[in-house]
Amino acid sequence: MKVLIVGSGGREHAIAWAAAKSPKVDKIYCAPGNAGIGQIAQCVPIGAMEFDKLTAFAKEEAIDFTIIGMDDPLVGGIVDAFEAEGLRVFGPRKNAAIIEGSKAFSKDLMKKYQIPTAAYETFTSAEEAMEYLKTAKMPIVLKADGLALGKGVLICQNREEAMDGVKTLMMDKQFGTAGDTIVVEEFMTGREVSVLAFCDGKTVKCMTSAQDHKRALDGDKGLNTGGMGTFSPSPFYTEEVKEFCETYIYQPTIDAMAAEGRPFTGILFTGLMLTEEGPKVLEYNARFGDPEAQVVLPRMKNDMIEVMEACVDGRLHEIELEFEENAAVCVVLASDGYPVSYEKGKVITGLETFSDKEGYYVFHAGTKMTEEGMVTNGGRVLGVTAKGADLKEARKNAYAATEWIHFDNKYMRHDIGKAIDEA
Ligand code: AMP
Ligand code: GLY
């Protein structure tokens, strides 16, 4: 079959890599893709938000199955656009992708269906938000309602920061209309875990757990980024925690969406905080995580395409997900200065070292092929993933592999997966 993947990051490279392993797949296209994806798929210069062009391309090329990697097109209704043209597509429809697209929606859903999450209030007026914050308990968390490239969450230590935060989100509109509504949420402490699950509208099957490192600097300092590295599985996601989440979070979420007339098909990504009171939902996403996909997919034994088709056909209950009994660590190689400002166009060498190494992968995020060879073309440049018998070995292998790659301005965190030492 012919598969089209929509997106252009390390996540889409990992999805393309998993699709290429499927015996069902003859040819892969990716729109718009990147230079690394171009080595295993044919990249098509159509943007992820150009729904008309994408559906026209899918019809022209007789694409059998399309996978949407990114949040923006999902929230914008790309799945509805493909389905309207009779095309088979993997991902939630617009009315279900809202679980990621609106934090106010997802919080109200959790409240209505008693899914554990932090206490919150929603505001559409800056004055009312500030009035509330005069007496609210600090620290506190402010969240832009809409999509903000993972940057619309402000952790405020005191009242002054909270007032400034309201100004940033609602008055200065740093994230545009995403901040017209804000969620003000109780601050939680604990370990964070990401759990990605395949869903077919009724059934939910979880993948192995992962943990992301969102801050730019070692020791979880600095600005929030798209993600600087991940490890899988999380040693903090014990059998007991898993059972709790299966009973009180994942299935209840899918049932709630179905009850609301918004059946969820695709990847439900639950960001959890393991608090002293038990696991609570931090957020939902309607797609694979980036870089969570880069550690979870390499450990998956199933044919990813087969599982995705079962989701679209509503027969996920027939599938048993299987993961390798090992671990994986992904270290993101970024351009120095990310996420603020950074130079591009630096020549990348050493990529070929990965080609003959079992259990080592390099997923491209911001790269471009030029006459000079492969060059950097973004903040997050590459994701270096390595497997190992356990997390410690995987971490050692991943950091060894980061040394195979060279480019000017190469920046990475040196403590990805360090938390496992405390497990
Ligand atoms: P989100 O995009 O909602 O996952 O938020 C981004 C990051 O902000 C999370 O990964 C957490 O590290 C942090 N965060 C979000 N909500 C809270 C909360 N209620 N308490 C503490 N930290 C939070
Ligand atoms: N790594 C977090 C995300 O993809 O949202």
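Every number for a ligand or one of its atoms is a count from 1 in the order of the listing. Note that the coordinates shown come from a computational prediction; the quantities given were computed from them, not determined experimentally.
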What protein heavy atom sits nearest atom 2 (C) of ligand 2, and how far away is it?
Asp212 OD2, 3.3 Å
State if Gly289 counts as touching ligand 2 under the rule of any non-hydrogen atom under 4.0 Å.
yes
Does ligand 2 have an atom that lies less than 4.0 angstrom from a heavy atom of Gly226?
yes
For ligand 2, the portion of Asn285 having any non-hydrogen atom under 4.0 Å away:
side chain
Write out the residue and atom name of the closest protein heavy atom to atom 22 (N) of ligand 1, then the distance separating them to 0.1 Å.
Ile155 CD1, 3.6 Å
Among all protein heavy atoms, pick the one closest to atom 2 (O) of ligand 1 and tell me residue, atom and distance.
Glu283 OE1, 3.1 Å
Considering the heavy atoms of Arg287, write down every atom of ligand 2 situated less than 4.0 Å from one of them.
3 (C), 4 (O), 5 (O)
Side chains of Thr253 and Tyr284: donor-acceptor distance under 3.5 Å anywhere?
yes
Could you tell me whether Asn224 and ligand 1 have an N or O pair separated by under 3.5 Å?
no
Protein heavy-atom partner closest to atom 19 (N) of ligand 1 - residue, atom, separation in Å:
Glu185 OE2, 2.6 Å
Contacting atoms of ligand 2, where contact means under 4.0 angstrom from a heavy atom of Glu292:
1 (N), 2 (C), 4 (O)
Could you tell me if Ser232 and Arg299 have a donor-acceptor pair between their side chains, going purely by distance under 3.5 Å?
yes
Between Tyr132 and Glu127, a side-chain donor and acceptor under 3.5 Å:
no
Can Lys280 be said to sit on top of Tyr248's aromatic six-ring, NZ or CZ under 6.0 Å from centre and within 45° of the ring axis?
no
Per-atom contacts, ligand 1 versus Leu282 - under 4.0 Å to a heavy atom:
3 (O), 14 (N), 15 (C), 16 (N), 17 (C), 18 (C), 23 (C)
Among Leu382, Thr376, Val362, which one satisfies side chain to side chain contact (heavy atoms under 4.5 Å, CB included) with Thr367?
Leu382
Minimum non-hydrogen distance to atom 10 (O) of ligand 1, winning option of Met273, Glu192, His213
Glu192
For atom 8 (O) of ligand 1, find the nearest protein heavy atom and state the residue, atom name and distance (0.1 Å precision).
Val153 CG1, 3.6 Å
For ligand 1, which atoms have a heavy atom of Phe187 less than 4.0 angstrom away?
20 (N), 21 (C)
Verify, without hydrogens or angle tests, whether Arg159 (side chain) and Lys134 (backbone) share a donor-acceptor contact under 3.5 angstrom.
yes
Think Arg88 forms a cation-pi with Phe65, using NZ or CZ under 6.0 Å from the six-ring centre and within 45 degrees of its axis?
no
Can you list the ligand 1 atoms lying under 4.0 Å from a non-hydrogen atom of Lys214?
10 (O)
Over 60° means perpendicular and under 30° means parallel, so tell me whether Trp404 and Tyr360 are parallel, tilted or perpendicular.
tilted
For atom 21 (C) of ligand 1, grab the closest protein heavy atom and report residue, atom and distance to one decimal in Å.
Met188 O, 3.1 Å
So, 4.0 Å and heavy atoms of Arg11: is ligand 2 close enough to count as a contact?
no
Would you say the ring centroid of Phe57 lies under 6.0 angstrom from that of Tyr29?
yes
Under 3.5 Å side-chain donor-acceptor pair for Asp108 and Tyr120
yes
If you have a sec, work out which protein heavy atom is nearest atom 3 (O) of ligand 1 and how many Å separate them, to one decimal?
Lys143 NZ, 3.0 Å
Residue pair Ser335 / Lys344, side-chain donor-acceptor N/O under 3.5 Å
no
